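Heads up: the structure comes next, in structure tokens.
Values in this document were obtained by computation on a predicted structure and should not be read as measured data.
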2 protein chains.
Amino acid sequence: MYICFMSNSKLYKGSLTTIILKLLNENDKMYGYEITQKVKVLTKGELNITEGALYPALHKLEAEGLLDVEVAKVDNRLRKYYKLTENGTKETVNKLEELAEYIKTMQALVNPKLA
Amino acid sequence: MYICFMSNSKLYKGSLTTIILKLLNENDKMYGYEITQKVKVLTKGELNITEGALYPALHKLEAEGLLDVEVAKVDNRLRKYYKLTENGTKETVNKLEELAEYIKTMQALVNPKLA
DNA sequence: AAATATACATAATTTTCTTATGTATAAGTT
DNA sequence: AACTTATACATAAGAAAATTATGTATATTT
């Protein structure tokens with residue numbers, strides 16, 4: 001295989017932040033590489049987060065005060081553990097509401113009979 | 001009010017093409033402005049497609065051979081009616097499958113218990 | 001007469017991704 | 001011992017798709 005691709009579906013654009021926040025909400029603290037692996041497993045390979053997308057996204061969330069970072073050294077290798085701040089937890093709730101709303105709206109559009 | 005905004009949720013990024021194709025699949029032929037109004041009604045105002053997003057998207061779909069265009073003059077005003085080509089109809093099926101897959105994947109991520 | 005609605009369009013900018021590349025250590029394979 | 005894969009971070013160049021702003025023009029409503 002080659003490096004690492006996201007799904008060819010463009011729909012995932014804009015959902016990376018929601019995914020990161022939700023995983024951190026469930027797992028207390030995680031490091032970047034761990035997130036990519038977790039997503040791969042949870043989605044049965046459907047979704048492969050690229051490093052070029054993930055790391056800038058984590059840095060942005062940290063800059064916005066939604067994540068705290070804590071550096072650790074394990075097996076002589078660097079790890080950056082991220083965890084939600086208080087604001088991060090609040091924002092997670094918002095993002096999950098937005099996702100639920102998005103799904104509802106899209107279903108109203110593609111299946112108006114059920115709306 | 002001001003001009004016209006899409007929802008502040010970033011999740012809609014990447015779903016405009018799917019929306020357009022699905023609406024044209026249901027309505028045979030539609031013009032741009034009609035699409036914006038239809039989306040507004042169907043989503044109860046949740047989603048307002050901006051012209052800056054819509055028109056380039058329509059032009060792109062036409063260039064890709066997924067849409068045919070037919071110009072009409074109604075009440076002395078221009079209208080460009082778009083309809084699906086044969087390939088456009090095929091692509092609509094793909095896009096709707098991708099949407100269903102996306103929703104399934106995201107639910108596996110945010111609600112792993114139900115996966 | 002002025003404002004809003006209808007109907008198209010495009011340009012500048014921003015956001016968010018893909019793709020490619022770089023560094024470094026550990027573990028497994030040939 | 002050498003090579004490859006896995007772990008773990010990072011950033012830069014470019015593409016894609018949107019937002020925001022602006023422009024043109026006609027019809028309708030206030």
Rounded to the nearest angstrom, tell me the gap between atom [atom1] in [X] and atom [atom2] in [N].
X	N	atom1	atom2	result
Tyr12(B)	dT16(C)	OH	P	16 Å
Lys13(A)	dA18(D)	NZ	P	9 Å
Glu64(A)	dT15(C)	CD	P	10 Å
Ile49(B)	dT20(D)	CD1	P	15 Å
Leu54(B)	dT6(C)	CG	P	15 Å
Asn8(B)	dT16(C)	CG	P	13 Å
Asn48(B)	dT6(C)	CG	P	13 Å
Leu61(A)	dT15(C)	CG	C1'	14 Å

hydrophobic_cluster_shared for Val69(B) and Ile20(B), side chain cutoff 4.5 Å: yes
Could you measure the distance from the [atom1] atom of [X] to the [atom2] atom of [Y]? Nearest 0.5 Å is fine.
X	Y	atom1	atom2	value
Thr105(B)	Glu46(A)	OG1	CD	4.0 Å
Thr92(A)	Leu84(A)	OG1	CG	4.5 Å
Ser15(A)	Met106(B)	OG	CE	4.5 Å
Thr50(B)	Tyr55(B)	OG1	OH	10.5 Å

Polar contact flag, side-chain donor to acceptor under 3.5 angstrom, Glu98(A)-Tyr12(B): no
Residue-phosphate contact under 4.0 Å: Lys10(B) side-chain N/O, dT15(C) OP1/OP2: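 No, outside the criterion.
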N or O in side chain of Asn76(B) less than 4.0 angstrom from dA27(D) OP1/OP2: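 Yes, because at least one side-chain N or O of Asn76(B) sits under 4.0 Å from OP1 or OP2 of dA27(D).
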All pairs passing side chain to side chain donor-acceptor pair (under 3.5 Å) where residues 23-36 of chain B contributes a residue, at least two apart: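 Of all non-adjacent pairs touching residues 23-36 of chain B, those that pass side chain to side chain donor-acceptor pair (under 3.5 Å) are Tyr31(B)-Arg79(B).
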Annotated protein contacts, base or backbone, on nucleotides 1-14 of chain D with a non-hydrogen cut-off under 4.0 Å, one of B, S, - each: -----SBSBBB---
Sugar-phosphate only, base, or nothing, as touched by Lys60(B) at under 4.0 Å among non-hydrogen atoms: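 Sugar-phosphate contact only.
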